[in-house]
Q: 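Have a look at the structure that comes next, please.
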Amino acid sequence: QVALVESGGGSVQAGASLRLSCAASGRPASLYAMGWFRQTPGKEREFVAAVSWSGGTTYYADSVKGRFTISRDNAKNTVYLQMNNLKPQDATVYYCSARRTYGRSWSDKQYYGYWGQGAQVTVSS
């Protein structure tokens, strides 16, 4: 019902910034929240950040607090991840996600029913 298309990935030096974008199509009006996860091959997909669609409440993993900012533009059905002061350990594939389900957990990937194709982020030291 909802398709997610990511953009904005790339390769940067440590300390630089990138902004990822994720545009939702289909029936995004009923979404409860959108988020970003990241996954390195061989490791479990981990939560990065989430934002509620209606109220704009944000939630971040401890590893990115103070450096990453998630935001959404309801009119454009788009969520952004502003990534500042990037570190080599941030380099991996980032996945946009969306959920219709309300729940107590922001970070549990099983609540998110829709996923983007992934955006590669490379950070050189």
Side-chain angles (χ1 to χ4, degrees):
Q1 297 182 27
V2 177
L4 305 176
V5 179
E6 302 173 1
S7 61
S11 180
V12 299
Q13 297 285 332
S17 299
L18 282 173
R19 187 176 73 163
L20 302 180
S21 299
C22 176
S25 62
R27 296 186 63 187
S30 62
L31 292 175
Y32 170 69
M34 296 182 68
W36 292 92
F37 291 73
R38 61 189 182 186
Q39 185 174 25
T40 299
K43 299 182 66 177
E44 186 176 354
R45 188 168 298 186
E46 65 174 341
F47 172 79
V48 176
V51 59
S52 66
W53 199 247
S54 60
T57 303
T58 57
Y59 183 75
Y60 297 93
D62 288 341
S63 60
V64 304
K65 286 182 179 178
R67 298 188 298 120
F68 291 10
T69 302
I70 188 171
S71 61
R72 87 274 189 265
D73 186 331
N74 290 16
K76 297 181 178 180
N77 296 319
T78 300
V79 65
Y80 305 93
L81 185 67
Q82 179 66 45
M83 310 164 67
N84 296 329
N85 191 23
L86 283 162
K87 302 177 180 180
Q89 54 263 46
D90 297 319
T92 187
V93 179
Y94 285 73
Y95 295 89
C96 177
S97 62
R99 60 191 285 184
R100 297 186 185 275
T101 304
Y102 170 84
R104 296 178 180 178
S105 176
W106 290 83
S107 59
D108 190 340
K109 59 182 178 293
Q110 295 188 17
Y111 279 90
Y112 295 82
Y114 307 96
W115 297 90
Q117 76 285 356
Q120 180 71 54
V121 173
T122 301
V123 183
S124 61
S125 60

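Heavy atoms only: backbone and side chains are in, while hydrogens, waters and symmetry mates are out.
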Q: Where the side chain of Q82 meets the backbone of F68, is there a donor-acceptor pair that is under 3.5 Å apart?
A: no
Q: How far does OG of S125 sit from CG of L86, to the nearest 0.5 angstrom?
A: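 Rounded to the nearest 0.5 Å, the OG-CG separation comes out at 13.0 Å.
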Q: I'd like to know if the side chain of D108 and the backbone of S105 have a donor-acceptor N/O pair within less than 3.5 Å.
A: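 No; zero donor-acceptor contacts below 3.5 Å.
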Q: Side-chain contact test, heavy atoms from C-beta onward, threshold under 4.5 Å: evaluate it for Y94 versus M83 and give yes or no.
A: yes
Q: Can you tell me how far the CD atom of E6 sits from the OG atom of S97, to the nearest 0.5 Å?
A: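 Reported to 0.5 Å precision, the distance equals 9.0 Å.
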Q: Do R67 and D90 have side-chain heavy atoms sitting under 4.5 Å apart?
A: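 SC-SC contact between R67 and D90 confirmed.
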Q: Are T78 and D73 close enough that a side-chain donor and a side-chain acceptor fall under 3.5 Å?
A: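 No, no side-chain donor-acceptor pair sits under 3.5 Å.
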Q: Are Y112 and V2 in one and the same hydrophobic cluster, where Ile, Leu, Val, Met, Phe, Trp and Tyr link if side-chain heavy atoms are under 4.5 Å apart?
A: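 Hydrophobic grouping puts Y112 apart from V2.
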Q: Looking at W115 versus F37, is the centre-to-centre ring distance below 6.0 Å?
A: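 Yes - the distance between ring centres of W115 and F37 falls below the 6.0 Å cut-off.
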Q: Looking at G55, is its backbone amide N or carbonyl O close enough to the side chain of T57 to form a donor-acceptor pair, meaning the two atoms are under 3.5 Å apart?
A: no
Q: Should the heavy atoms of other residues, nucleotides or ligands under 6.0 Å from CD of Q89 be counted, would the total exceed 12?
A: yes
Q: Of all the heavy-atom pairs spanning A33 and S52, show the shortest one and how long it is.
A: CB-CA, 4.0 Å
Q: Quick one, L4 and Y95 - any side-chain contact, counting heavy atoms below 4.5 Å?
A: no
Q: Quick check on the hydrophobic clustering: are V48 and V123 connected, directly or via other members, by side-chain heavy-atom contacts under 4.5 Å?
A: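 Cluster IDs for V48 and V123 match.
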Q: Taking all heavy atoms of L81 and all of A49, pick out the closest pair and write down the distance.
A: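 Result for this residue pair: CD1-CB, 4.2 Å.
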Q: Side chain of T101, backbone of Y111: donor and acceptor closer than 3.5 Å?
A: no
Q: Do Y114 and C96 have side chains that approach each other closer than 4.5 Å (heavy atoms only, starting at C-beta)?
A: no
Q: Measure from the side-chain N and O atoms of S21 to the backbone N and O of Y80, and report whether any donor-acceptor pair falls under 3.5 Å.
A: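 No: the side chain of S21 does not pair with the backbone of Y80.
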Q: Would V64 end up clustered with V12 when hydrophobic side chains under 4.5 Å apart are linked, directly or stepwise?
A: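 Linked, V64 and V12 end up in one cluster.
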Q: Are the side chain of R72 and the backbone of N77 linked by a donor-acceptor contact shorter than 3.5 Å?
A: no
Q: Before accepting this row, confirm whether a basic side-chain N of the pair D62/K65 lies closer than 4.0 Å to the acidic partner's carboxylate O.
A: yes
Q: A side-chain contact here means heavy atoms from C-beta on lying under 4.5 Å apart; do Y102 and Y32 qualify?
A: yes
Q: Using every non-hydrogen atom in the two residues, find where A119 and L20 come nearest and quote the distance to one decimal.
A: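 Closest approach of A119 to L20: CB-CD2, 4.4 Å.
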Q: Counting the benzene-type ring for Trp, do F47 and Y60 have ring centres under 6.0 Å apart?
A: no
Q: If you look only at pairs with a residue in residues 40-49, which of them pass as a side chain to side chain donor-acceptor pair (under 3.5 Å), with sequence neighbours excluded?
A: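 Matches after skipping sequence neighbours: R38-E46, Q39-R45, T40-T92, E44-K109.
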Q: So, do I70 and V79 sit near enough that their side-chain heavy atoms are less than 4.5 Å apart?
A: yes
Q: Taking C-beta and beyond as the side chain, do T69 and T58 meet within less than 4.5 Å on heavy atoms?
A: no
